[in-house]
2 protein chains.
Amino acid sequence: MLTPTVVSNSTVRRSSRTPAANARTSTRCSNCAMRHLCMPQGLTVDELPKLEALICNARSVRRGDFVYRAGDPFENLFVARSGSLKTVMAHRDGREQVTALRLAGDPLGLDGISTGMHTASAVALEDSSVCIIPYPALKHMCRETGAMQDRLHRLMSEQIIRESSQMMVLGSLSADERVAAFLLDVSERNGQRGYSHAEFNLRMTREDMGSYLGMTLETVSRTLSRFQKRGLIDAQGKLIRIIDLESLRRL
Amino acid sequence: MLTPTVVSNSTVRRSSRTPAANARTSTRCSNCAMRHLCMPQGLTVDELPKLEALICNARSVRRGDFVYRAGDPFENLFVARSGSLKTVMAHRDGREQVTALRLAGDPLGLDGISTGMHTASAVALEDSSVCIIPYPALKHMCRETGAMQDRLHRLMSEQIIRESSQMMVLGSLSADERVAAFLLDVSERNGQRGYSHAEFNLRMTREDMGSYLGMTLETVSRTLSRFQKRGLIDAQGKLIRIIDLESLRRL
DNA sequence: CGCCCTATTGATGTATCTCAAAGTGCGTGG
DNA sequence: CCACGCACTTTGAGATACATCAATAGGGCG
């Protein structure tokens, strides 16, 4: 299966497992608590089994493992099922940047469709699992089922919007504003998933956050400290508690 | 038709025509020199007429006109047919940022699919024309024609990649590198369209470029001047000639 | 349970922004 | 088609937000 190819791996050295030893348990997605997120919104009863039969397997990925690497041939889409992951893109000179944080229900790998090759890598931030969706099967199903087609289009369009918004963050906001926007984004997405808006475990390092937000890890750390002093948040390492959501919004 | 909604218009004051007076000539796209770009790669002969009948009308937009505005209901996709356009997104506090430069053949409006409403605005940088593609008809056609489905998926995936790349530009590169990357990008896209790699008329203002690149117009101007002194480019206002492409690449 | 990755905080440097003032050229209207 | 005016561009000097370098402290994971 998908052989790992060239990719700087400076950001994942903390994984002591060899890539070849990736634990890959593969189970039906049917017992998946977040099954509804794997795609099927709006499908009729008789369409659902088709989906499950065709396209929904799960794979475990351990912290630091790649789901796919930049340069891998594109064969499957993935949906984060549990845990969290980041996507990382590399400039030719080796500089890397985190391009997204993916939580349960978020799609992974849409970038591969156009060239048949992944342009980014996806790395688990903690032990996680992802649903595997063979793209050809999905495409076929989209032609049979309008609801499925809608869902896929929506997912792609959502990613387009998400990325434009992040471009705005990177291009127009100050360091404080960026960090605040990021915390609010994670808070909201956590809430959407039925977890707390106010408290969450952010598995990214300060370096990951900095990379995602276009600033250094030191500035991220200083900003969080300042927010804490101002009584906006309470940050104990990776555990973030949002105290004054409104003030954060006003930035 | 689509009523204009709230949107700061600070960047389009140079258009002296009222929005209501937009000249909207609507012609068949069949006589369009860039018709192949409006979508149909890979369609069989008998599929092409279907496409033309269903979905390809053109609309003229004059410099400064909106093709759609943030907040407009999403009904159509567009493809730039001639000229060039920019997409602009607004933060709630009114700050605006250019999120893309669109040349002939580039799609517009994919952001609207997920919410049924455009999140960005599209503004013509010069007198231009766009093909209008009613989304419901396109969706229907994608279910009949695999080639069409592939094409749409590819377009969306390309935009996802393009935006990730721009995130890297904004998050990781210095001012010099950003400007160089932008010039190289425009040069390449110009070449792909059969025009010169080396010389092009960039209809964006320095302010637009700065907004797109996350820097001030002054820094853009200074950077271009410095590039010129170093013999990398020759910039006479909006007319850009690339002299030393290799050095620009090495940044 | 210990090591190393991660986080915090400080001091200093600098790339880029901001404010300002000319100069230029393009599009509009005559 | 030409001329005028306004928007755009250029360039400078000074201010600042953030990066960089550095050293210590903390905590999670193997």
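The figures here come from the full heavy-atom set of this structure, side chains too, leaving out hydrogens, waters and symmetry mates. Per chain, numbering begins at 1; letters A, B, ... match sequence-line order.
Separating the CG atom of B:Asp208 from the P atom of D:dA7 is a distance of 15 Å, rounded to the nearest angstrom. B:Leu239 has its CG atom 18 Å from the P atom of C:dT24, to the nearest Å. Following rounding to the nearest Å, A:Leu125 (CG) and D:dG28 (P) show an atom-to-atom distance of 16 Å. A:Arg63 has its CZ atom 11 Å from the P atom of D:dG28, to the nearest Å. Rounded to whole Å, the distance from CE on B:Met209 to C1' on C:dC17 is 18 Å. Between the CZ atom of B:Arg203 and the C1' atom of C:dC26 there is a distance of 10 Å, given to the nearest Å. Look at CG on A:Leu202: it is 14 Å from C1' on C:dT6, rounded to the nearest Å.
With no hydrogens or angles considered, a side-chain donor-acceptor pair links B:Thr87 and B:Thr99 at under 3.5 Å. No donor-acceptor contact under 3.5 angstrom links the side chains of B:Arg222 and B:Thr219, judged on distance only. If you check the side chains of B:Ser129 and B:Ser60, you find no donor sitting under 3.5 Å from an acceptor.
Between B:His118 and B:Phe78, the ring-plane angle classifies as tilted under the 30° and 60° cut-offs.
Considering only residues two or more places apart in sequence or on other chains, A:Gln166 meets the side-chain hydrogen bond (donor to acceptor under 3.5 Å, both in side chains) condition with A:Tyr212. Applying the side-chain hydrogen bond (donor to acceptor under 3.5 Å, both in side chains) criterion to B:Ser165, with sequence neighbours excluded, gives no partner residue. For A:Glu188, there are no salt bridge (Lys or Arg N to Asp or Glu O under 4.0 Å) partners at least two apart in sequence or on another chain.
The stretch residues 213-238 of chain B touches DNA chain D through B:Leu217, B:Glu218, B:Ser221, B:Arg222, B:Ser225, B:Lys238, each having a heavy atom under 4.0 angstrom from the strand. Of the residues in residues 173-183 of chain A, those with a non-hydrogen atom less than 4.0 angstrom from any atom of DNA chain D are A:Ser174, A:Ala175.
With D:dT10, C:dA7, D:dC8 as the candidates, the nucleotide lying closest to the side chain of B:Thr205 is D:dC8.
By the 6.0 Å and 45° rule, A:Arg193 does not stack over the aromatic ring of A:Tyr195.
Under a 3.5 Å cut-off, the side chain of B:Asp234 and the backbone N or O of B:Arg241 do not form any donor-acceptor pair.
To the nearest 0.5 angstrom, B:Leu85 atom CG is 11.5 Å from B:Phe66 atom CZ. To the nearest 0.5 Å, the span separating CG on A:Leu125 from CZ on A:Arg203 amounts to 8.5 Å.
For the helix from C:dC1-D:dG30 to C:dG30-D:dC1, the end axes, each set by the C1' atoms of five terminal pairs, are bent relative to each other by 70° (nearest 10°).
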